[in-house]
Amino acid sequence: MLIYIDGEFLPYADAKISVFDHGLLYGDGVFEGIRCYNGYVFKLDEHLERLYDSAKSLMLQIPIPIETLKQDVLETLRQNQLREGYIRLIVTRGIGDLGLDPEKCPHPSIIIIADKISLYPQHYYDNGLEIVTVSVRRNYPEAINPRIKSLNYLNNILAKIEAKQSGAVEALMLNNDGYVVECSGDNIFLVKNEVIITPPPHIGILEGVTRNSVITLAQEAGFQVDERVFTRHDIYIADECFLTGTAAEVIPVVKLDQRVIGTGEPGKVTQKLIAAFRHLANNFGTSIYPENT
Ligand code: PXG
């Protein structure tokens, strides 16, 4: 495996960063998780835009232009001869001293890891997930805005720990007002009377790339999609519920807090969107290799 660090490709054993990097010392940095399918990178431009937007919000100047970074991501995939895989793109504040001050870190670092993906077990897609609401609230936008995909993921990790302690794989998180926002690493949707509903970005979610493409796919298939706030009660009484994310793609949810959602089986709208998403991911995107163009 060859890992990109600041323009160089290094073997796994040599791919190391300094203990003085503020990405490690303070979680000061941004990242993206990106997939490639069948030789195509899924929504690469959207991921790169979100990375640069997150960095801008943190006053972190990514040292190369977006187009150069795009070519570097593609080159990392080629160096590792991948057609299907997972890309982790990280920009850290860089090396500084032991103080917080980011001005002491003159050179942000860029890391690109491309690896095979470990998929969720198929039975989750066939039978649906059971999830639970956790007591940990999502960071509220005035503290760390969840729209920033930063290296500080402790809010989500605490939620994940709590969910796993109750035997669930995903945690439903609420915002400070008690509205449903998202899960620890996935966005959430419900379906009621054929209308698809998902929380709006301003209430405190990461605006998922998968979320946005599923909204478009659903609208193209003729569904009404509403971005509006809702509570756990709306999920309990929904016809269907599903999550979206780069790792999970589109995954059905059949139980929340021991309440069976709809029939208790993955719903028709969810199944339609799973198929539409897989078709899109396998046939469109940025080509890694010339034969795909
Ligand atoms: N919400 C949060 C909080 C996320 O971290 C999503 C939604 C979905 O966004 P995308 O753009 O991927 O559709 C994410 C992204 C993992 C893992 O290993 C998941 C994410 C990030 C890092 C690791 O499951 N999720």
Side-chain angles (χ1 to χ4, degrees), residues 23 27 29-37 41-54 57 73 85-91 111-121 124-125 129 131 133-134 136-141 143-164 168-175 179-189 198-218 227 241-251 253 273-274 276-278 280-281 285:
V30 292
F31 79 104
E32 283 295 321
I34 310 170
R35 287 277 286 276
C36 61
Y37 300 84
V41 183
F42 185 71
K43 302 280 176 190
L44 180 55
D45 291 331
E46 286 80 353
H47 280 288
L48 288 167
E49 264 168 46
R50 188 172 64 186
L51 183 82
Y52 280 74
D53 288 348
S54 294
S57 196
V73 168
Y86 187 80
I87 303 145
R88 177 57 57 90
L89 179 50
I90 305 153
V91 183
I111 300 162
I112 309 170
I113 308 167
D115 201 358
K116 296 199 173 67
I117 175 113
S118 59
L119 295 170
Y120 280 95
Y124 289 160
Y125 296 91
L129 295 179
I131 66 172
T133 310
V134 295
V136 175
R137 293 291 166 113
R138 191 74 175 103
N139 284 332
Y140 62 104
I144 302 176
N145 197 316
R147 294 181 74 178
I148 303 169
K149 199 163 169 64
S150 84
L151 290 180
N152 189 322
Y153 248 56
L154 283 175
N155 183 213
N156 313 61
I157 289 165
L158 288 172
K160 186 87 171 178
I161 289 169
E162 206 178 313
K164 290 190 85 173
V169 279
E170 251 298 13
L172 180 68
M173 302 180 81
L174 310 177
N175 69 6
Y179 290 113
V180 169
V181 279
E182 61 182 333
C183 291
S184 73
D186 299 292
N187 292 112
I188 189 156
F189 289 73
T198 195
H202 73 266
I203 70 162
I205 64 165
L206 181 77
E207 195 177 342
V209 169
T210 319
R211 168 195 185 273
N212 289 350
S213 38
V214 165
I215 290 175
T216 306
L217 287 170
E227 292 182 63
C241 177
F242 61 88
L243 310 181
T244 65
T246 295
E249 305 174 332
V250 180
I251 199 161
V253 175
L273 292 171
I274 291 174
F277 181 82
R278 290 191 172 155
L280 179 73

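Whatever order the structure lists ligands and atoms in, that order sets their numbers, starting from 1.
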Tell me whether Arg50 is salt-bridged to Glu207, with the criterion being a basic N under 4.0 Å from an acidic carboxylate O.
no

Below 4.0 angstrom, N of the basic side chain to O of the carboxylate: do Arg35 and Glu249 qualify?
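Yes.
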
Mind checking whether [X] has an N or O less than 3.5 Å away from an N or O of ligand 1?
| X | answer |
| --- | --- |
| Arg138 | no |
| Thr210 | yes |
| Arg50 | yes |
| Cys183 | no |
| Leu206 | no |

Taking all non-hydrogen atoms of both residues into account, name the closest pair between [X] and [Y] and its distance.
| X | Y | result |
| --- | --- | --- |
| Gly204 | Arg138 | O-CG, 3.6 Å |
| Ile251 | Leu129 | CG2-CD1, 3.9 Å |
| Ser57 | Ile148 | OG-CD1, 3.4 Å |

Return the closest protein heavy atom for [atom] as residue, atom name and distance.
| atom | value |
| --- | --- |
| atom 16 (C) of ligand 1 | Ala247 CB, 4.3 Å |
| atom 4 (C) of ligand 1 | Tyr153 OH, 3.4 Å |
| atom 19 (C) of ligand 1 | Gly185 O, 3.8 Å |
| atom 2 (C) of ligand 1 | Glu182 OE1, 3.4 Å |

Are there protein heavy-atom neighbours of atom 9 (O) of ligand 1 below 4.0 Å?
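Yes, at least one protein heavy atom sits under 4.0 Å from atom 9 (O) of ligand 1.
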
Those residues that, when tested against Lys43, pass side-chain hydrogen bond (donor to acceptor under 3.5 Å, both in side chains) (two or more places apart)
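Testing Lys43 for side-chain hydrogen bond (donor to acceptor under 3.5 Å, both in side chains), a comparison that skips the adjacent residues, returns none.
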
